[in-house]
Amino acid sequence: DKNHHIAVVLYHGADGPIICLRQRGVMPPMPAGSEGMKTKYLYTHNGYTISFAQDRDHFCMLISRLSKDTFLRRLAMLSGH
């Protein structure tokens with residue numbers, strides 16, 4: 001079934017926005033140069049930092065123009081760690 005809905009959420013902070021896309025199903029193949037393994041990956045390209053995560057029945061992509069280090073610190077703040 002290719003008719004999966006996509007949820008879009010915008011997290012906005014002083015250092016810039018992070019866009020979250022969630023979709024039911026399995027995440028797409030990771031691009032060459034991705035870091036990570038199994039269910040969590042990080043990819044940087046042309047000024048964007050993108051996180052991919054596979055949950056039980058859906059996947060999530062977080063997209064930002066933040067640097068990789070700032071992005072990872074921001075994710076830790078959003079998750080309460």
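Quick caveat, the model's predicted, so the values are computed rather than measured. Position 1 is the first residue of the sequence, and the numbers go up from there.
- Taking hydrophobic clusters as Ile, Leu, Val, Met, Phe, Trp and Tyr residues chained together by side-chain heavy-atom distances below 4.5 Å, M61 shares a cluster with V8.
- Residues F71 and M27 do not share a hydrophobic cluster, clusters being chains of Ile/Leu/Val/Met/Phe/Trp/Tyr side chains in contact below 4.5 Å.
- Looking at heavy atoms from C-beta onward, R22 lies in side-chain contact with D55 at the 4.5 angstrom threshold.
- Listed by chain and residue number, nothing satisfies the side chain to side chain donor-acceptor pair (under 3.5 Å) test with K40 (two or more places apart in sequence, or in another chain).
- In this view, T70 and S67, R73 satisfy the side chain to side chain donor-acceptor pair (under 3.5 Å) rule, not counting sequence neighbours.
- The hydrophobic clustering, which links ILVMFWY residues whose side-chain heavy atoms are closer than 4.5 Å, places V9 and L66 together.
- Annotation: side chain to side chain contact (heavy atoms under 4.5 Å, CB included) contacts of T44 (sequence neighbours excluded): T49, K68.
- Scanning for ring-ring contact (aromatic ring centres under 6.0 Å, His included) contacts around H5 gives an empty result, with sequence neighbours left out.
- Cation-pi check for R65 over Y48 is met; the charged atom lies under 6.0 angstrom from the ring centroid and within 45 degrees of its normal.
- Y43 is linked by a ring-ring contact (aromatic ring centres under 6.0 Å, His included) to H45, counting only residues two or more places apart in sequence or in another chain.
- Side chains of Y11 and C20 form a contact here, defined as non-hydrogen atoms less than 4.5 Å apart.
- Checked by atom type, the side-chain pair R24/H58 shows no donor-acceptor distance below 3.5 Å.
- By the criterion of side-chain heavy atoms lying less than 4.5 angstrom apart, applied directly or through intervening Ile, Leu, Val, Met, Phe, Trp or Tyr residues, I19 is grouped together with I6 in one hydrophobic cluster.
- Minimum interatomic distance between S34 and Y41 (heavy atoms only, all atoms of both residues): CB-CD2, 4.2 Å.
- Looking at residues two or more places apart in sequence or on another chain, you find a side chain to side chain contact (heavy atoms under 4.5 Å, CB included) between V26 and Q54.
- L42 and F59 sit in two unconnected hydrophobic clusters of ILVMFWY residues. Membership requires side-chain heavy atoms under 4.5 Å apart, directly or through other members.
- Proximity of L75 to L62: side-chain heavy atoms (C-beta onward) are separated by under 4.5 Å at one or more points.
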